Amino acid sequence: MAALLVQHGVVLVFAWVFAVQAGMPIPAGPMLLGAGALSGSGQMNLALAVGAAIAAALGADVLWYSLGRSQGTRLLETLCRFSMNPDSVVRDAKERFVAHGVRYVVLAKFLPGVNPLAAGLAGAVPIRLERFLLYASTGALLWAGAWITLGYLFADIIGRVATRAAPLGRLLVIVIAVALTSYLVFKFVRRRRFLRHLWKARITPIELKRRLEAGDYIVIFDLRTALDIATAPYRIPGALEIGPEALQHPYRLIPRDSEVVFYCAEPREATSARMALRLASHGFKNVHPLRGGFEAWRQAGFVVEPVVHVPSRGSTQQRAVDEEFGDAGPLQRNARESAVALPGAHRND
């Protein structure tokens, strides 16, 4: 890598950073540290290196922001394919975006694989372009500047380490490749087992509608995030909104003999499947993720009802939230803070 960096300089920095911030699962740290070290030794212009990294990061941000504006939250289906833990990463990004607002665009620069999600969500909400560019530029400067400055300050140490490690270059590459391959195989096997459970347990919208019309008692839980509900403020009639964190001890809320259906907005009904597994581990026998989630129910043309949230804070405080979080402020006011126990649920451990 060092030889390539010396040969191609800022062009390689630009291409590498763009690939990383666009979602490719490759490390950015070594490249930016190397650029900083070369700048410290006089072999690369420091300002050009930082400028190329910022421009590349912004280019990737604008790409995903534009796709978010045109495709909305459907973009997440595409983005999750770039992640090692696609389903959990998507939900985590939504929740963090609601918690931090547009500032999450800055934080995402430092979280591997998350930047495309943050930029795509900013476009889907949408955050105003000028506001997005301000925060994206700040994040790019802090992220790239920190890595390159670190390399610049410790250029001598990095140079000595690189020189001593050179004879071990091929062996080091083999060790890293074996470790990475083993990790990917482990993740793949675990994911296949997870999906296998999902395929067996889920229920289709048509089957759920038929059961409800037949008068079967089914408890339906809406697991969508505040961001999902803000972009589609409807629900299946009678569904109860609840967050996964409220189901750590599900028997406190749900009688064990209940038949339960979960629906969410994550790819492959991932959150619903995880909650179904959690309830099964607590002795629940009839728990089903809804195949295709809420979107599948809507596309089938079945009845939905509006979600109504009662503001819990005064208008002055809400204006302060809007000011702090920009266009994402209203999403935070939709966050669910409590769950209501069903009749027959146990209150004690």
Side-chain angles (χ1 to χ4, degrees), residues 1-66 82-84 100 102-119 122 129-177 179-180:
M1 182 183 292
L4 287 173
L5 195 53
V6 171
Q7 185 176 355
H8 300 288
V10 293
V11 175
L12 182 59
V13 171
F14 180 92
W16 194 276
V17 169
F18 183 88
V20 170
Q21 293 300 320
M24 292 294 290
I26 52 178
M31 175 63 68
L32 295 178
L33 283 173
L38 289 178
S39 300
S41 62
Q43 300 180 66
M44 185 180 293
N45 184 285
L46 179 63
L48 284 178
V50 174
I54 293 174
L58 274 178
D61 288 344
V62 170
L63 170 64
W64 287 118
Y65 176 88
S66 302
F82 292 89
S83 171
M84 301 282 246
H100 300 288
V102 70
R103 291 178 296 182
Y104 185 54
V105 173
V106 177
L107 177 63
K109 289 285 184 295
F110 297 88
L111 304 174
V114 175
N115 186 68
L117 287 168
L129 177 60
E130 61 272 18
R131 187 174 177 83
F132 169 74
L133 288 175
L134 172 63
Y135 281 86
S137 301
T138 301
L141 175 61
L142 292 174
W143 174 75
W147 279 110
I148 293 176
T149 300
L150 195 63
Y152 182 88
L153 294 175
F154 295 96
D156 291 341
I157 296 175
I158 292 173
R160 287 197 294 270
V161 170
T163 301
R164 293 183 180 180
L168 302 174
R170 180 174 297 180
L171 177 61
L172 189 60
V173 168
I174 293 173
V175 170
I176 293 173
L180 181 60

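Remember, predicted model here, so these are calculated numbers, not experimental data.
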Problem set entry | Leu32 backbone acceptor or donor facing Trp147 side chain under 3.5 Å | no
Exercise. Nearest heavy-atom pair of Ala155 and Ser41: which atoms, and what distance?
Worked result: CB-N, 4.4 Å
Problem set entry | Residues which pass side chain to side chain donor-acceptor pair (under 3.5 Å) with Tyr104, listed by chain and number, not counting sequence neighbours | none
Seminar exercise, completed: In terms of heavy-atom contacts, Gly151 and Ile158 come closest through CA-CD1, 3.7 Å
Exercise. Of all heavy-atom pairs between Val13 and Ala49, which one has the smallest distance, and what is that distance?
Worked result: CG1-O, 4.0 Å
For this session: Dump the intermediate steps for side chain to side chain contact (heavy atoms under 4.5 Å, CB included) on Tyr65 and Leu129, then the final yes or no.
Result: CA-CA 9 Å; Tyr65 176 88; Leu129 177 60; 3.6 Å; yes
Problem set entry | Residue pair Ala56 / Phe18: nearest heavy atoms and the distance that separates them | O-CD1, 3.4 Å
Problem set entry | Side-chain heavy atoms of Ile26 within contact of Trp16, under 4.5 Å | yes
Exercise. Is the backbone N or O of Ala22 less than 3.5 Å from a side-chain atom of Trp64, with the two atoms forming a donor-acceptor pair by type?
Worked result: yes
Exercise. With no hydrogens and no angle check, is any side-chain donor or acceptor of Trp143 less than 3.5 Å from a backbone partner on Ile54?
Worked result: no
Problem set entry | Distance in Å, Leu142 CG paired with Leu107 CG, rounded so as to fall on 0.5 Å steps | 11.0 Å
Problem set entry | Partner residues of Thr138 under the side chain to side chain donor-acceptor pair (under 3.5 Å) criterion, sequence neighbours left out | none
For this session: Go through His100 and Val106 one step at a time and tell me if the side chain to side chain contact (heavy atoms under 4.5 Å, CB included) criterion holds.
Result: CA-CA 10 Å; His100 300 288; Val106 177; over 6 Å; no
Exercise. Do any N or O atoms from the side chain of Thr149 and from the backbone of Ala146 form a donor-acceptor pair under 3.5 angstrom?
Worked result: no
For this session: Could you grab the distance from atom CG of Asn115 to atom CG of Asp61, nearest 0.5 Å is fine?
Result: 4.5 Å
For this session: Of all the heavy-atom pairs spanning Phe14 and Ala52, show the shortest one and how long it is.
Result: CD1-O, 3.4 Å
Exercise. Which heavy atom in Lys109 sits nearest to a heavy atom in Ala57, and how many Å separate them?
Worked result: CE-CB, 4.3 Å
